[in-house]
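Note that the structure is a prediction, hence the values are computed from the model and not measured. Numbers for residues simply follow the sequence, beginning at 1.
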Amino acid sequence: MTTQRSTPKDFRRRFVFGGLGLILLAGILIGLASTAMVVRQLLDELDRELEAAAARVAMSLEQDAGMAPGPRSRLERPGFTVGTLIAVVGPDEAQGALINRQGTLQAIDPDALENLVDEDFSASEPETVFLGEGVRETRVLLVERAGDTSLVVGLQMTEIRRTIARLQAVIFAVTAIVVGIAAGLGMWALRAGLRPLDRMRHTALAVANQPLDRGDVELSQRIPPEMARPDREIGQLGMALNTMLDHVASALRAREHSEKALRQFVSDASHELRTPLASIRGYSEITLRRADDLPDDVLASLQRIESESIRMTSMVEDLLLLARLDEGATFARQPVDLTLVAGDVVSDAIARAPGHRLEVTTPDHPVVVEGNRDQLFQVLTNLVQNARVHTPEGTSVTVSVEANDDQAVLRVIDSGPGIDESVVGSLFERFRRADSGRSRKTGSTGLGLAIVKTIVEAHGGSVEVISKPGHTEFVVLLPLEATDAVSTSSK
């Protein structure tokens with residue numbers, strides 16, 4: 001069983017990133033609103049200064065008419081701040097001057113003021129105009145219009161833009177700091193809040209990793225009482241999980257008790273049946289020795305009784321072996337060369353099934369495992385018998401043995417009609433028959449493959465089947481003997 005052991009982070013990422021996204025969105029909206037308010041306030045202040053400058057220029061127009069004409073003469077009067085611009089805009093060109101940072105008047109190239117020519121100025125509403133030659137964004141207001149000529153005054157918006165840039169930098173820095181702090185606090189709070197769920201996940205994984213389908217299972221995992229409290233939502237989940245585990249543990253105990261009783265019954269029944277079956281077989285054999293004195297129908301009946309007693313004895317022995325393996329009985333083990341076992345099994349099969357083409361493929365060196373030879377012999381015999389019984393005559397059956405890293409690999413391959421896909425998954429269950437996809441010539445108890453699986457697993461191995469029309473392959477994996485595994489890996 002493959003389980004996810006690493007800590008899942010999908011919910012954590014979504015929760016933290018969702019919260020951070022909301023904080024970031026709030027920071028952006030607050031920044032936009034703050035910037036808009038500050039821009040509006042600074043523009044209002046700049047417009048008031050612009051209106052005051054326009055008023056001073058208008059007053060200068062009413063004074064001595066002998067003053068030198070032009071925008072330069074207007075700016076030479078005191079009271080104008082740095083960045084103040086005054087321009088005379090005609091129908092074709094504009095002329096103007098600007099108070100620079102040194103406090104001196106600086107004439108402006110008419111080409112830099114060409115955007116003023118196309119403007120339709122209002123005496124009450126300041127307008128923003130983009131000028132060239134370093135003048136940049138300027139707020140302008142009409143002072144006086146005479147025919148096609150307009151006198152305008154302007155103030156640069158450079159300081160406003162700098163102030164807005166500093167404000168945005170501060171908002172960005174504060175938002176970043178808040179997001180960082182929120183991320184740290186959010187992860188800490190989320191980790192603390194999800195700690196009970198993590199404990200429940202580990203408990204569920206520990207239960208899932210146990211072989212609940214067989215054996216005596218001790219289900220001792222539970223959620224601690226401090227994490228299973230009725231006054232909290234997650235605590236209620238913990239209580240529900242503990243209740244469910246209690247019910248599962250009770251069901252497992254009942255299942256184990258029932259299985260023990262069934263195994264004991266099978267074992268006792270098998271023991272009890274061996275004696276009468278042996279008697280039936282013995283009496284039938286004794287009677288058959290006087291076959292010459294018996295009518296033909298009686299002789300046939302006795303032969304049938306003998307064959308059925310032999311078959312029932314085999315089934316009883318299979319049931320007794322399964323019962324012993326289920327009980328964890330130990331059997332004598334020693335190094336077993338699977339190449340020799342495969343050769344013996346195929347030799348016996350050739351004698352029993354001359355109508356099938358049987359062959360064995362083994363390496364030149366021994367393939368040794370630690371196990372019980374009789375049981376491993378039975379594994380291969382059952383697999384070959386399964387292929388022989390469920391395939392028509394003329395089918396080729398191949399038994400191969402090989403060593404792969406630290407495992408011995410046994411394969412029994414036949415070219416028969418294959419196994420129905422609907423029964424492949426349950427093929428190794430007891431009393432299961434795959435008759436629908438493969439032909440049968442004799443009766444079967446459905447225990448052969450179950451015995452194969454039980455013996456192989458008792459030897460620390462595994463068995464699987466791959467089947468399609470024209471190719472059925474049973475693969476048995478067994479751990480190599482330590483010394484044999486080392487010699488195989490070194491080749």
Side-chain angles (χ1 to χ4, degrees), residues 311 314-315 318 321-322 325 338-363 367 369 371 375-405 407-479:
R311 190 175 73 87
S314 176
M315 182 178 67
D318 289 343
L321 175 61
L322 285 173
L325 291 173
L338 294 180
T339 61
L340 300 179
V341 174
D344 293 342
V345 170
V346 172
S347 297
D348 293 348
I350 290 174
R352 293 195 188 102
H356 286 70
R357 300 193 305 271
L358 290 107
E359 61 180 17
V360 60
T361 303
T362 59
V367 178
V369 299
Q375 291 182 1
L376 295 176
F377 185 91
Q378 185 172 4
V379 166
L380 271 179
T381 299
N382 286 5
L383 292 176
V384 173
Q385 176 75 359
N386 179 76
R388 182 183 68 82
V389 170
H390 295 89
T391 59
E393 291 188 357
T395 302
S396 63
V397 180
T398 303
V399 178
S400 69
V401 181
E402 62 184 59
N404 183 12
D405 295 332
Q407 289 183 320
V409 183
L410 302 176
R411 288 186 172 90
V412 178
I413 306 170
D414 69 69
S415 58
I419 304 173
D420 194 325
E421 292 182 0
S422 62
V423 299
V424 168
S426 58
L427 198 60
F428 295 98
E429 295 179 2
R430 297 176 187 185
F431 303 104
R432 182 68 176 180
R433 297 175 179 176
D435 300 338
S436 58
R438 292 151 73 88
S439 63
R440 291 183 57 226
K441 296 178 293 184
T442 60
S444 172
T445 63
L447 293 175
L449 294 181
I451 291 175
V452 168
K453 184 175 185 292
T454 305
I455 292 177
V456 169
E457 290 182 348
H459 282 74
S462 62
V463 59
E464 63 178 7
V465 60
I466 304 169
S467 183
K468 60 183 180 179
H471 181 90
T472 299
E473 179 177 350
F474 285 85
V475 182
V476 176
L477 301 178
L478 293 169

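Contact annotation: the side chain of Val384 never approaches that of Asp348 to less than 4.5 Å [non-hydrogen atoms, C-beta and beyond]. Inter-residue side-chain proximity for Thr362 and Val367 is flagged as unmet; no heavy-atom pair is nearer than 4.5 Å. Side-chain contact between His459 and Leu376 is present, with heavy atoms from C-beta onward closer than 4.5 Å.
Annotation for Thr339 and Pro363: closest pair CG2-CD, 4.0 Å, computed over non-hydrogen atoms. Nearest heavy-atom pair, Asn382 versus Gly448, reported as atom, atom and distance to 0.1 Å: ND2-O, 3.2 Å. The two residues Glu359 and Thr398 make their nearest non-hydrogen contact at OE2-OG1, 3.3 Å. The minimum heavy-atom distance linking Ala342 with Val360 is given by the pair CB-CG2, 3.9 Å.
For the atom pair CG of Leu477 and CZ of Arg411, the computed distance is 8.0 Å after rounding to the nearest 0.5 Å. Summarising the geometry, atom CG belonging to Leu383 is positioned 11.0 Å from atom CD belonging to Gln385; distances are rounded to the nearest 0.5 Å. Rounding to the nearest 0.5 Å places CG of Asp344 at 10.0 Å from CG of Leu380. To the nearest 0.5 Å, the span separating CG on Leu358 from CZ on Arg388 amounts to 9.0 Å. Of the inter-residue distances, the one linking Ile419 atom CD1 with Thr472 atom OG1 reads 5.0 Å to the nearest 0.5 angstrom. Rounding to the nearest 0.5 angstrom, the gap separating the NZ atom in Lys468 from the CD atom in Glu421 is 12.0 Å.
Under a 3.5 Å cut-off, the side chain of Ser415 and the backbone N or O of Ser396 do form a donor-acceptor pair. Looking at His356, its side chain does come within 3.5 Å of a backbone N or O of Thr391 through a donor-acceptor pair. Distance alone, capped at 3.5 Å, is enough to place a donor-acceptor pair between the Arg357 side chain and the Gly394 backbone. Not a single donor-acceptor pair under 3.5 Å links the side chain of His471 to the backbone N or O of Pro417.
Phe474 pairs in a side chain to side chain contact (heavy atoms under 4.5 Å, CB included) with only one of the listed residues (Leu449, Ile466, Leu410, Ile413), which is Leu449.
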